[in-house]
Amino acid sequence: MKREILYDNSEGYQKMQNENIIPLNNIKTDKKLEATIQSVLQHKIDMYQPDFSKFLRFCQEEYREPDFDAMEKYLHNSIVDQRIKLSTFNRRVAGVQFYLTHILNLSQTEEQKKRIKLIRELYNTEEYIRLKAMRGVRAERQEEVLQLINKYDTPKKVDIRKRAICFVNLITANRPSEMVRLKVSDFDLEHRTVLVMLKKQGEMKEKRLTLECVKVVEKYIKTCELQPTDYFVGGADRWGNYRNHMITERSYNRLIHEWLGFAPYTLRKTQITHMHRKHADLPTIAKQSGHKSLQTISQHYLEVDYSEVDEFL
C-alpha cells in the first residue's frame with residue numbers, strides 16, 4: 001500500500017517523525033544554511049589572517065603557545081616595542097581574538113579581558129598618547145573638487161565615464177566598497193535617488209542625488225549604452241571602452257587617484273564636511289553618508305578646517 005505523507009499540518013509532521021522520514025527540502029535548507037555560515041566564517045578568516053600571522057610569528061620567536069596569555073604579551077609588545085597606533089592595536093585585538101575563539105576554540109576569561117583593557121590604557125599615558133592621534137584624509141573645498149571633476153566635461157566617452165563616477169562618489173559620499181558594487185538599476189534618476197549597498201553594515205541605503213549629478217549620470221548611461229544589470233563603475237579596456245565587471249576596491253582607489261590626484265575617501269570627507277558647513281545636522285549627514293554612529297562623524301570627519309582657523313590668526 002502506498003503511504004500518504006502530509007506536510008501541511010501537525011498530524012502529517014508527527015507521521016513523518018514516526019516513520020523517520022526526512023523531507024528532501026529539509027536537507028537542502030540545512031545545506032544552504034551551512035554553506036552561508038561557512039562563507040561568512042571564511043570571509044572573517046581571510047580578513048583577520050594577516051593579523052593572526054603576525055601573532056603566530058611572535059609566539060614562535062618567544063616559544064609560546066598561541067593562546068590568550070600569549071596575546072597579552074603580544075599586544076603589550078606591539079605598543080611598547082613596535083609603537084603601533086591605536087587603530088592598529090584595535091584591529092590586532094579583533095583579529096587574534098577571532099582566531100583564538102573560532103579557529104582554536106579557546107575561551108577568554110573575564111580577567112583576561114580586563115587585562116587587555118588595561119594594556120589599551122597605555123595610549124592614555126604621556127609616553128604613548130601620540131600613537132593615539134588619528135590623522136585621516138583631509139577634506140577639500142567642494143567647489144574646488146567640482147572644478148577638478150568638471151575638467152572631464154568633454155564629448156569623449158572616456159571623460160564622460162570619469163566625470164559621472166567622480167560626481168556620484170562626491171555627492172553620495174560613498175565608500176570605495178560601495179562605489180564598485182553600484183549597478184545601473186540602483187539609480188532612480190526620476191526621483192533623484194540611488195540605492196547603495198553598504199557592505200560594512202550589510203544593508204541597502206537610499207541616498208539623494210543633485211539635479212546636476214542626475215544629468216551627468218544620464219549622459220554616461222546614454223553615451224556608453226549601459227544596461228540596468230551593468231556595474232555603474234565597471235572596467236575599461238586599453239582604449240577606454242566600458243567593460244561590465246566589478247573592479248576591486250584597490251583598482252578603484254588607483255583610478256580616482258589617477259583622475260583627481262587624491263584618494264576616494266577625500267571625496268567622501270569633502271561631501272560630509274560640505275554638508276556640515278551648510279549647517280546640516282548630524283542625522284541628516286548620516287542619512288547621506290551611511291554612517292550608523294553620529295559620534296564617528298563628529299570625531300573623524302568634522303574637525304575644524306585649517307582655513308577657518310587662519311581667519312582668526
Side-chain angles (χ1 to χ4, degrees), residues 134-154 158-182 186-189 191-196 198 200 205-221 232-233 249 252-313:
M134 300 285 289
R135 290 186 178 179
V137 176
R138 299 293 181 191
E140 303 291 343
R141 292 283 179 178
Q142 194 202 58
E143 55 269 23
E144 294 177 0
V145 173
L146 285 173
Q147 286 178 3
L148 284 175
I149 293 174
N150 285 330
K151 71 182 180 182
Y152 295 113
D153 188 8
T154 77
V158 62
D159 286 347
I160 291 171
R161 172 175 175 258
K162 291 177 182 178
R163 185 172 178 236
I165 291 170
C166 293
F167 220 119
V168 168
N169 200 159
L170 174 65
I171 300 303
T172 60
N174 278 347
R175 303 174 179 89
S177 61
E178 295 157 4
M179 286 300 300
V180 299
R181 287 169 171 77
L182 273 183
D186 293 327
F187 288 86
D188 182 352
L189 299 180
H191 297 97
R192 289 172 42 192
T193 61
V194 58
L195 276 175
V196 177
L198 305 185
K200 191 174 181 180
K205 179 82 171 181
E206 187 177 76
K207 296 188 177 186
R208 295 288 296 168
L209 302 172
T210 63
L211 184 58
E212 185 178 8
C213 185
V214 167
K215 291 184 180 299
V216 171
V217 172
E218 285 178 338
K219 185 176 182 181
Y220 171 43
I221 293 174
F232 179 73
V233 174
E249 293 172 37
Y252 184 74
N253 286 333
R254 179 180 55 79
L255 284 179
I256 298 300
H257 203 282
E258 179 184 311
W259 296 345
L260 300 177
F262 48 67
Y265 261 92
T266 298
L267 294 171
R268 177 172 170 80
K269 195 160 190 178
T270 294
Q271 182 64 7
I272 292 172
T273 305
H274 174 73
M275 293 179 70
H276 178 63
R277 288 194 185 115
K278 293 181 73 174
H279 308 295
D281 57 26
L282 292 185
T284 300
I285 294 173
K287 190 171 183 179
Q288 184 71 355
S289 67
H291 279 102
K292 278 193 172 182
S293 169
L294 302 185
Q295 185 178 5
T296 299
I297 298 176
S298 179
Q299 288 183 346
H300 302 300
Y301 285 86
L302 302 182
E303 73 274 7
V304 178
D305 191 84
Y306 285 131
S307 61
E308 296 174 359
V309 174
D310 292 342
E311 294 178 13
F312 300 96
L313 295 181

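One is the number of the first residue; the rest follow in order along the sequence.
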Inset, instruction - Please lay out, stage by stage, how Asn253 and Tyr265 fare under the test side chain to side chain contact (heavy atoms under 4.5 Å, CB included). - result: CA-CA 9 Å; Asn253 286 333; Tyr265 261 92; 5.7 Å; no
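- A 4.5 Å side-chain heavy-atom check between Leu209 and Phe167 finds every atom pair outside the cut-off.
- A distance-only check finds no donor-acceptor pair linking the side chain of Asn150 to the backbone of Asp153 [under 3.5 Å].
- Taking 4.5 Å as the limit, some side-chain heavy atom of Arg208 sits within range of a side-chain heavy atom of Thr193.
- Rounding to the nearest 0.5 angstrom, the gap separating the OG1 atom in Thr154 from the OH atom in Tyr152 is 10.0 Å.
- For the pair Asp159/Lys151, no side-chain contact is recorded, criterion being any heavy-atom separation below 4.5 Å from C-beta on.
- Going from atom CZ of Arg192 over to atom OG1 of Thr210 covers 7.0 Å, rounded to the nearest 0.5 Å.
- The backbone N or O of Val194 sits nowhere less than 3.5 Å from a side-chain atom of Lys207 that would complete a donor-acceptor pair.
- The shortest side-chain heavy-atom distance between Gln142 and Met275 does not fall under the 4.5 Å cut-off.
- In this structure a side-chain-to-backbone donor-acceptor pair under 3.5 Å is missing from Arg268 to Pro264.
- The closest side-chain heavy-atom distance from Val196 to Arg181 is not below 4.5 Å.
- Partners of Tyr252 by ring pair (Phe, Tyr, Trp, His ring centres under 6.0 Å), not counting sequence neighbours: none found.
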Inset, instruction - Any chance you could lay out the side chain to side chain contact (heavy atoms under 4.5 Å, CB included) test for Leu182 and Thr172, step after step, and finish with the verdict? - result: CA-CA 12 Å; Leu182 273 183; Thr172 60; 6.0 Å; no
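- In this structure, CD1 on Ile165 lies 4.0 Å from CH2 on Trp259, to the nearest 0.5 angstrom.
- Looking only at side-chain heavy atoms (C-beta outward), Leu260 and Thr266 stay at 4.5 Å or farther from each other.
- Considering CG of Leu146 and CD of Glu212, their distance stands at 6.5 Å, rounded to 0.5 Å.
- Residue Ala280 comes nearest to Ile285 through the heavy atom pair O-CD1, 3.8 Å, listed as atom of the first residue, atom of the second, then distance.
- At distances below 3.5 Å, at least one donor-acceptor pair connects side-chain atoms of Asn169 with backbone N or O atoms of Asn174.
- Between Phe232 and Tyr220, the angle of the ring planes goes over 60°, which puts this pair in the perpendicular group of the 30/60° scheme.
- Taking Lys205 as the reference, nothing meets the side chain to side chain donor-acceptor pair (under 3.5 Å) condition, with sequence neighbours excluded.
- Within the model, atoms SG of Cys166 and CD1 of Ile171 stand 11.5 Å from one another, a figure rounded to the nearest 0.5 Å.
- In this structure, Lys215 places its NZ atom where only 12 or fewer heavy-atom neighbours from other residues, nucleotides or ligands lie under 6.0 Å away.
- Side chain of Gln288 to main chain of Ile272: no donor-acceptor pair is present (N/O by atom type, distance under 3.5 Å, no hydrogens or angles).
- Note that the CE atom of Met179 and the CD1 atom of Ile256 stand 7.0 Å from one another [nearest 0.5 Å].
- Residues Lys162 and Leu255 form no side-chain contact, since every pair of their non-hydrogen atoms from C-beta on lies 4.5 Å or further apart.
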Inset, instruction - Please assess Arg141 against Gln147 for the test side chain to side chain contact (heavy atoms under 4.5 Å, CB included), listing each intermediate value before the final yes or no. - result: CA-CA 10 Å; Arg141 292 283 179 178; Gln147 286 178 3; over 6 Å; no
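- You'll find the side chain of Val216 stays beyond 4.5 Å of the side chain of Ile149, heavy atoms only.
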